[in-house]
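Structure, as structure tokens:
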Amino acid sequence: MLLKYRSEYEKIVMDMLSLIPDMNNEILKSELNWYKNSDDRVIYLWKNENNNWAGMLSIESKNSLLVVRRIILTPDSWNMNNCCIMLNQLSDLYMNKRIIGTMDTTEICEIWEKRNGTEQ
């Protein structure tokens, strides 16, 4: 289940972002503020089927596109199936937008598109 960022989730988001190599505290805070400072940028936390925090998606809305900036899963949850579940749930929230990736997330988005037959 994807849950939109709220201030009480800040520690969880910081923990998820800290899973990225070379991410220090200053960069973490800067990135979180970048998302907070625009209505076009959103962070979603993901709970797995056991209702545990297991991942995070960060997006930026640009006209008819939804850019997936980050896809993060905890080490024990990392697999392509979970990435696809998260992207399916994101797609359900933004039915009128095409989901694309950045240089870091394009490969995952393309695999998701192929699995769902939604290639454009």
Side-chain angles (χ1 to χ4, degrees):
M1 168 182 16
L2 285 179
L3 299 164
K4 192 173 185 178
Y5 174 83
R6 298 188 314 224
S7 58
E8 59 261 30
Y9 297 155
E10 185 167 339
K11 180 164 179 8
I12 299 161
V13 169
M14 297 290 271
D15 288 346
M16 290 290 172
L17 287 170
S18 72
L19 294 171
I20 300 169
D22 301 324
M23 188 69 83
N24 65 40
N25 230 13
E26 186 176 316
I27 296 170
L28 288 172
K29 289 177 183 174
S30 173
E31 179 147 346
L32 185 56
N33 285 332
W34 186 75
Y35 284 97
K36 287 180 183 179
N37 290 331
S38 173
D39 292 337
D40 293 332
R41 297 184 289 254
V42 181
I43 294 174
Y44 288 97
L45 288 164
W46 182 67
K47 284 190 171 187
N48 63 17
E49 66 279 355
N50 298 320
N51 206 32
N52 295 322
W53 297 112
M56 186 191 104
L57 277 174
S58 61
I59 60 163
E60 185 172 11
S61 182
K62 294 186 176 236
N63 300 317
S64 64
L65 299 176
L66 197 64
V67 180
V68 177
R69 299 220 160 260
R70 298 230 186 250
I71 299 174
I72 302 170
L73 285 158
T74 58
D76 59 327
S77 298
W78 178 252
N79 63 54
M80 203 54 221
N81 189 54
N82 284 338
C83 289
C84 288
I85 289 169
M86 290 170 61
L87 289 171
N88 283 339
Q89 292 174 2
L90 185 66
S91 178
D92 290 345
L93 292 173
Y94 294 90
M95 291 180 161
N96 61 334
K97 296 204 180 248
R98 178 167 179 243
I99 294 174
I100 62 170
T102 62
M103 288 182 67
D104 293 332
T105 62
T106 293
E107 184 177 351
I108 293 169
C109 290
E110 287 175 349
I111 291 169
W112 169 75
E113 283 180 338
K114 287 177 184 170
R115 284 188 177 189
N116 288 302
T118 58
E119 291 180 87
Q120 307 216 354

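When each of I108, D104, L87, T106 is checked for a side-chain contact (heavy atoms from CB on, under 4.5 Å) with V68, only L87 meets the rule.
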Point to revise | Trace of the side chain to side chain contact (heavy atoms under 4.5 Å, CB included) decision for R41 with R69 | key: CA-CA 9 Å; R41 297 184 289 254; R69 299 220 160 260; 5.6 Å; no

Exercise for review: Starting from the C-alpha separation in whole Å, work towards a yes-or-no answer on side chain to side chain contact (heavy atoms under 4.5 Å, CB included) for W53 and D15.
Suggested key: CA-CA 10 Å; W53 297 112; D15 288 346; over 6 Å; no

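Residue-environment remark: CD (E8) exceeds the threshold of 12 foreign heavy atoms within 6.0 Å. Within a 6.0 Å sphere centred on CG of N63, heavy atoms belonging to other residues, nucleotides or ligands number 12 at most.
Here NZ of K47 is found 6.5 Å from CG of L3. Values are rounded to the nearest 0.5 Å. Between atom CG of residue N116 and atom CD1 of residue I111 there is a gap of 12.0 Å, rounded to the nearest 0.5 Å. One finds the CG atom of L65 at 4.5 Å from the CD1 atom of I100 (value rounded to the nearest 0.5 Å). In this structure, the separation between CG on L90 and CD1 on I99 is 4.0 Å, given to the nearest 0.5 Å. Rounding to the nearest 0.5 Å gives a distance of 10.0 Å between OG of S64 and CG of L66.
Here the side chains of M16 and T74 are in contact, with some heavy-atom distance below 4.5 Å. Taking the side chain as every heavy atom from C-beta outward, Y5 and K36 approach each other to under 4.5 Å. Between R70 and E31 the shortest side-chain heavy-atom distance falls below 4.5 Å. Put simply, the side chain of Q89 does not reach to within 4.5 Å of the side chain of Y44, judged on heavy atoms. The shortest side-chain heavy-atom distance between I43 and Y9 does not fall under the 4.5 Å cut-off. V42 places a side-chain heavy atom less than 4.5 Å from the side chain of Y94. Inter-residue side-chain proximity for R115 and N81 is flagged as met; some heavy-atom pair is nearer than 4.5 Å. You'll find the side chain of P75 reaches within 4.5 Å of the side chain of L19, heavy atoms only.
Between M86 and I72, the shortest heavy-atom distance links the atoms CE-O, 4.2 Å. Taking every heavy atom of both residues into account, W112 and S91 meet most closely at CZ2-CB, 3.8 Å. When all heavy atoms of N25 and M14 are compared, the pair lying nearest together is OD1-CE, 4.3 Å. Residue S77 comes nearest to N82 through the heavy atom pair O-ND2, 2.7 Å, listed as atom of the first residue, atom of the second, then distance. Of all heavy-atom pairs between L28 and S18, the closest is CD2-N, 3.7 Å. Considering every non-hydrogen atom in both D22 and I27, the closest pair reads O-CD1, 4.1 Å.
With sequence neighbours left out, Y35 forms a side chain to side chain donor-acceptor pair (under 3.5 Å) with S58. N52 meets the side chain to side chain contact (heavy atoms under 4.5 Å, CB included) test with N48, N50; sequence neighbours excluded.
Side chain of K29 to main chain of N24: no donor-acceptor pair is present (N/O by atom type, distance under 3.5 Å, no hydrogens or angles).
Residues W34 and L32 are members of one and the same hydrophobic cluster, defined by side-chain heavy-atom contacts under 4.5 angstrom among Ile, Leu, Val, Met, Phe, Trp and Tyr. Hydrophobic clustering (ILVMFWY, side-chain heavy atoms < 4.5 Å, transitive): L93 and M56 are in distinct clusters. Residues V67 and L17 do not share a hydrophobic cluster, clusters being chains of Ile/Leu/Val/Met/Phe/Trp/Tyr side chains in contact below 4.5 Å.
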